[in-house]
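A quick write-up on the structure given underneath.
Just so we're on the same page: letters track the sequence lines, and every chain starts at 1. Computed from a predicted structure; not experimentally measured.
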Protein chains: 2
Amino acid sequence: MPDVKHFDPDAVLEQVERLFWRRGAATTGISDVVAATGLSRSSLYATYGGKQDLYLKALRRYVERRSEPVFRALAEDGRGLPAIAAFFDRLIETRCAGEHARWGCMIANGHAEAATLEVRAVLDRHHDGLRAAMRAALAAARLRPGLDPDAAAEQLTLLAYGVNLRSRAGAEAAALRDGVRAALDSLTQRGETA
Amino acid sequence: MPDVKHFDPDAVLEQVERLFWRRGAATTGISDVVAATGLSRSSLYATYGGKQDLYLKALRRYVERRSEPVFRALAEDGRGLPAIAAFFDRLIETRCAGEHARWGCMIANGHAEAATLEVRAVLDRHHDGLRAAMRAALAAARLRPGLDPDAAAEQLTLLAYGVNLRSRAGAEAAALRDGVRAALDSLTQRGETA
DNA sequence: CCCAACTTGGAACGACCATTCCAGGTTAGC
DNA sequence: GCTAACCTGGAATGGTCGTTCCAAGTTGGG
């Protein structure tokens, strides 16, 4: 190997991911990426390809490193409804406070931009992953009779997208928690005891 | 009045609205607007101001002409839950088929783009309007005991954003209907009879 | 220690961006 | 029918976009 890269490709990709996550693909220029990473255009293009490739790689990294571990934890948590409640609690906290506050979800944001087929494939993979995790968590829950767990999994997944979107516009955490609580309470039939 | 406009400002604004709706603000150029409307740059800038003003006017038109009439119909429909079900049915049909299929909701899409304060004000106005309409419709419904109608209104509003987002990525209408049905069934306690 | 393979910074490129400007045309009031 | 006020098409502007290119630097194998 005559020369070796002077940077860590995945660490750089994480910075790029954060940039696209916060500001979106269309409004983020290569100049911004250069400024944020400190890399030169040559290294950027040689390592990741053009802007579209870069965005796609960042999007895939987001799903693999950020979303899917959470999905796994949700699916493997055997507590049932409390696991789903914890998922939403943590989601709302992440979206409204801390380092990534008001960034929303990179996948939810990606839905709004004109998407190539490759991007849409990542979006679908994310959706399927979350729905499957919800479905698994619901399997461990005591639900009210007559409730279709597949439909409920879809419902909760759509709800998560709504939470992600609204958090970006500055929605209050309390309001988001109210909406989630109403959904979760309704999955059981012991609503009146609350 | 020495000379008069050679076009209908609102009709043109509707075309602009459709353009921003479908493709987003960042990826739509003034050249696209010129091409779609047939107007010249001079008339465009003289009538509406720059691109940001144009987008804002189009966004406001969307809320006033498309969203809020539907909100009013929902709020004034006295049927209760069937009114909400009809709202979602029509929403899903509009988002998945017909002229605007796969365009999503211009407001939901707007959440994902970096937003100025003025844009965010429109987003909030839309959210408050839909939540209030949901709340009014819920007031006419027979809900299961113990359910907080304000929280349920927030829940259904967030759900609508999820439907809008996913429709843009090509989600099947049947899946969206399943998710909505699960939510609506859970608001009553007669789930087991379905 | 030398060269081939690779990397890097940074200049350069054409295309497109939002916006401005102006000359020429149109119209209401007098 | 003249003029002042307004409108319109389209060229022009300066800036920024994504991308390419190249000279200079670095490093492992022989």
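- Outside the 6.0 Å centre-distance limit, the rings of A:Y62 and A:H126 are not counted as a close aromatic pair.
- Residue A:A182 comes nearest to B:R144 through the heavy atom pair O-NH2, 4.4 Å, listed as atom of the first residue, atom of the second, then distance.
- Among residue pairs with one or both ends in residues 47-56 of chain B, those qualifying as side-chain hydrogen bond (donor to acceptor under 3.5 Å, both in side chains) are B:K5-B:T47; sequence neighbours excluded.
- Atom NZ in A:K5 sits about 14 Å away from atom C1' in D:dT26, given to the nearest Å.
- Defined by atom type and a distance below 3.5 Å, a donor-acceptor pair is missing between the side-chain atoms of B:R22 and B:T28.
- At least one donor-acceptor pair closer than 3.5 Å links the side chain of A:R168 to the backbone N or O of B:A112.
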Could you run down nucleotides 13-25 of chain D 5' to 3' and tag each one B, S or - for protein heavy-atom contact under 4.0 Å? ----SSBBB---B
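- Between B:S40 and D:dT8 there is no side-chain polar atom (N or O) within less than 4.0 angstrom of OP1 or OP2.
- Rounded to an integer number of Å, the gap from B:H6 NE2 to C:dT27 P is 6 Å.
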